[in-house]
Every structure is written in structure tokens, then in C-alpha cells.
Amino acid sequence: MLPVAAGRGGPFNLHWEIHGRGPVKLTFISGLGVLKTSWQRQTLHFGHLNRDKYSVLLVDNRGMGRSDKPVMRYSTSEMAKDLLEVLEHVAWTGEREIHVCGISMGGMIAQELACAIPQRMASLSLICTAAAIENTTSFSENMINRITMLLPKSLDRTILYTAENLFPETWLLSPDDAPVPDANTPKFHLPPGHKPAKIRFRTNYERFAAQEITKKTDPKAGFTRRGFLMQIIAAGWHHKTPKQLTKMADEVGRERILILHGEEDRVISVPHGRKLVQYIRPGKGIIVEGMGHAPIAERTQYFNDLIVEMCAKGEELSGR
């Protein structure tokens, strides 16, 4: 835990952890209502299987997980300042030292962080995110979507609604493809008395549902409706102008920036991704046919390979 935001409505505590011991410093920033454990496929690949090359920093954003949930106005700029304090605490402060990857609201926080400390960015990956949330549907469809999101639902209905918005149906119905650690995974320790789990779910949906049930019903997981609603405000009011993003891209260096968005994204629709590419003109801007809102799970190997490529590019440009 780290106390942050003194003089900014705090202090309150953020929970953070580092996996790996390598020289390539990589931080993943979570989206709306999401715990840092959502990056477990990336944590396994970068922070354990390749732990001598990468160090992976994960943080539960304010309002979620094991971090505190102060009742106050949340904003992506303030959440970026929270993360900046964690970076200072772990001494990731060098020029062109950090590789930053943010998804959804995490991508909005990453934009704010890059605007604040552009010269410290070795690479910047903005995944399924937006410069600002805009209405890209009809008025009636937009209102139905907003009402549906906030209406009380049973746990089963909530999980199904979330899954259908995050992922394409074909992936949800496909056999469970999650990579899992075993007894030979570096720095992976099972609780006393436990054996390595070799259970496979029948489908990707079943694994997602099991994770969501744990998140929503286990008090130790740290999901609360109050924290979720306060994060909604932060994401909904995020706004970076084309001028701000152009300046950020100039200072970070466009060849260091990746923008990735799915054509089938039902959470932040693809016009948002196209606009972000237009504003930033990144070295790599990819709109993927058939991809939804969460490539970190839906297309794990493809996504991990892109991050490996961005880290390698950033290290090369930084003379390492």
C-alpha cells in the first residue's frame, strides 16, 4: 500500500505490486471497474515467464480492488497523478524509462500520464480507448444503453451483459484458452496444501463468469458499486483535445506510440479509436476486424506480441 493524493483530497492508499526483475519497466493500467488481476495473462507472460527481461508494475486504481475508495469526484487526470506517485515511490523516474499500456479508462489515464511526463515514456500503448466519450449511436439507442447499464440486475444477468459487451460471441463460446501457471512457473507459489490447478473450463465464457463471480461476491476482491460509479464519472468526463494530444505525441515521439482498437468494440465504439489515430498519428495504429473491447484476454498472444514489439522499439529508440 502507498498513501497518495495528500493535498488532493487524500491521503488514501493505493495497492500496487511488481512482478519480475528485468530492466524493461512496463506498467499496465486497468479500465473501468476492473481489478489489476485482469492483467493476469500479461503478468504471467512478462512478469513470470520472462521475469529476467521485464519488471511489471500493476496498480489498483482508486475506487477499485485493494485500493481505497474515497468518496469524492474522480477524474482521469487525478488518477494519473495517483499513478505518478507510485512511479516515484518505486523509483521508475528515469528519462525514457517506462513502457505504459492502458486499456479503456486505463488508456485515458495513460493519455493524462503521457501529457504530464512525456519525456519519461519509452513507449505508450493506448488500447480500446478514446480522447473523449462521444455518442456514436442514435439518441434512443444511447439512452437505452445507459439505462440498461445502471439498472439493477441479478448476478447472472450482470455477468452475461458484461460478457456480451466486452467480447465477440464466437470467442465466448470457444474452448477455454487461458494460459495458466503451474508448479514450474518462476516465482509462482501455491498456498500451503494446494496443488496446481489443471482444470479447464468448457468455454471462455465459463472462465470469465467464474472470475466475475469471485470479483463480485468475494469481499477481499474489493469491487464495490460505489467505487464503480465514481470511476464511471472519471471515464465519462475524460476529455483531451486534438491540440493536447498532438503536443503529447510530439513530445513522446509518434514512433513510440501504439493505438489498438477493435471493430466490434461495444463499450467504446470504433469511431473513437479512429479519431484517436487521426489526432495522434501514431507510429502504429491498428483497427482489428472482429475484435472486441478486451484483446488482453480475447487475443492474448497477439496482444502480448504487440507489447513485446513496442517495448523493443522503445528500448531501441532509447539507445538500450
Side-chain angles (χ1 to χ4, degrees), residues 2 14 16-30 36 39-59 80-103 106-127 129 179 185-188 245-260 276-277 280-286 295-296 299-320:
L2 177 70
L14 287 193
W16 62 275
E17 55 195 35
I18 290 179
H19 298 252
R21 60 185 181 188
V24 180
K25 296 178 172 64
L26 172 61
T27 184
F28 292 111
I29 310 177
S30 301
K36 61 181 178 295
W39 296 101
Q40 58 188 213
R41 301 180 189 216
Q42 287 66 48
T43 306
L44 174 62
H45 179 79
F46 293 97
H48 292 266
L49 299 179
N50 294 282
R51 67 185 301 267
D52 291 330
K53 182 174 183 179
Y54 299 95
S55 293
V56 177
L57 172 65
L58 302 171
V59 178
K81 291 175 185 176
D82 297 344
L83 179 56
L84 184 55
E85 291 191 45
V86 178
L87 292 170
E88 299 286 338
H89 177 73
V90 300
W92 288 15
T93 58
E95 185 170 325
R96 301 299 182 187
E97 185 173 33
I98 54 172
H99 299 269
V100 174
C101 175
I103 187 168
M108 300 172 185
I109 296 170
Q111 294 166 43
E112 299 283 2
L113 189 66
C115 288
I117 53 167
Q119 296 304 318
R120 287 164 61 178
M121 299 281 159
S123 71
L124 174 65
S125 298
L126 303 174
I127 313 301
T129 190
T185 302
K187 300 299 287 185
F188 171 70
L245 292 174
T246 296
K247 182 175 183 293
M248 178 272 285
D250 287 341
E251 293 176 344
V252 170
R254 286 176 174 78
E255 64 272 33
R256 297 177 184 270
I257 302 176
L258 162 70
I259 296 174
L260 176 68
L276 204 56
V277 170
I280 292 177
R281 304 191 305 281
K284 187 176 287 289
I286 309 173
I296 62 175
R299 306 203 180 193
T300 301
Q301 189 61 56
Y302 171 72
F303 177 81
N304 288 352
D305 288 345
L306 278 177
I307 299 303
V308 167
E309 180 184 342
M310 291 306 298
C311 287
K313 183 69 172 178
E315 293 294 295
E316 178 187 1
L317 291 170
S318 303
R320 295 188 290 270

Does [X] use its side chain to pair, donor to acceptor, with the backbone of [Y] at less than 3.5 Å?
| X | Y | value |
| --- | --- | --- |
| H48 | T185 | no |
| S55 | G22 | yes |
| R320 | V24 | no |
| Q119 | E251 | yes |

At their closest point, which heavy atom of [X] faces which heavy atom of [Y], and how far apart are they?
| X | Y | answer |
| --- | --- | --- |
| V56 | F46 | CG2-CB, 3.6 Å |
| M310 | I257 | CE-C, 3.7 Å |
| W16 | V59 | CB-CG2, 3.9 Å |
| R96 | V252 | NH1-O, 2.9 Å |
| A116 | P118 | C-CD, 3.5 Å |
| Q42 | N304 | NE2-OD1, 3.0 Å |

Measuring from atom [atom1] of [X] to atom [atom2] of [Y], what distance do you get when rounded to the nearest 0.5 angstrom?
| X | Y | atom1 | atom2 | answer |
| --- | --- | --- | --- | --- |
| W39 | L26 | CH2 | CG | 9.0 Å |
| L276 | I259 | CG | CD1 | 4.0 Å |
| R299 | L260 | CZ | CG | 9.0 Å |
| L126 | C101 | CG | SG | 8.0 Å |
| I296 | T43 | CD1 | OG1 | 9.0 Å |
| T300 | R41 | OG1 | CZ | 4.0 Å |

Between H99 and E315, is there a side-chain donor-acceptor contact under 3.5 Å, judged purely by atom types and distance? yes
Quick one about S123 and R256 (side-chain donor to acceptor, distance below 3.5 Å, no hydrogens or angles considered), yes or no?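 No, because no side-chain N or O of R256 sits under 3.5 Å from a partner of the opposite role on S123.
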Are [X] and [Y] close enough that some pair of their side-chain heavy atoms sits under 4.5 Å apart?
| X | Y | value |
| --- | --- | --- |
| Y54 | I307 | no |
| L57 | V86 | yes |
| R254 | P282 | no |
| M248 | L245 | yes |
| V90 | L2 | no |
| Y302 | P295 | no |
| I117 | I98 | yes |
| T246 | I280 | no |

For a side-chain contact (heavy atoms from CB on, under 4.5 Å) check, start with the C-alpha distance between L58 and T27, then their side-chain angles and the critical distance, and finish with the verdict. CA-CA 6 Å; L58 302 171; T27 184; over 6 Å; no
Any chance you could lay out the side-chain contact (heavy atoms from CB on, under 4.5 Å) test for T93 and E88, step after step, and finish with the verdict? CA-CA 6 Å; T93 58; E88 299 286 338; 3.5 Å; yes
Applying side-chain contact (heavy atoms from CB on, under 4.5 Å) to L44 and L49, what does each step give before you reach the verdict? CA-CA 6 Å; L44 174 62; L49 299 179; 4.1 Å; yes
Hey, what's the ring geometry for F303 with F28, parallel, tilted or perpendicular (30° and 60° as the breaks)?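 Because their plane-to-plane angle lies in the 30° to 60° range, the rings of F303 and F28 count as tilted.
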Check the pair E309 / K284 against side-chain contact (heavy atoms from CB on, under 4.5 Å), numbers first and verdict last. CA-CA 11 Å; E309 180 184 342; K284 187 176 287 289; 2.9 Å; yes
In terms of side-chain geometry, is the basic nitrogen of R120 or E97 positioned less than 4.0 Å from the acidic oxygen of its partner? no
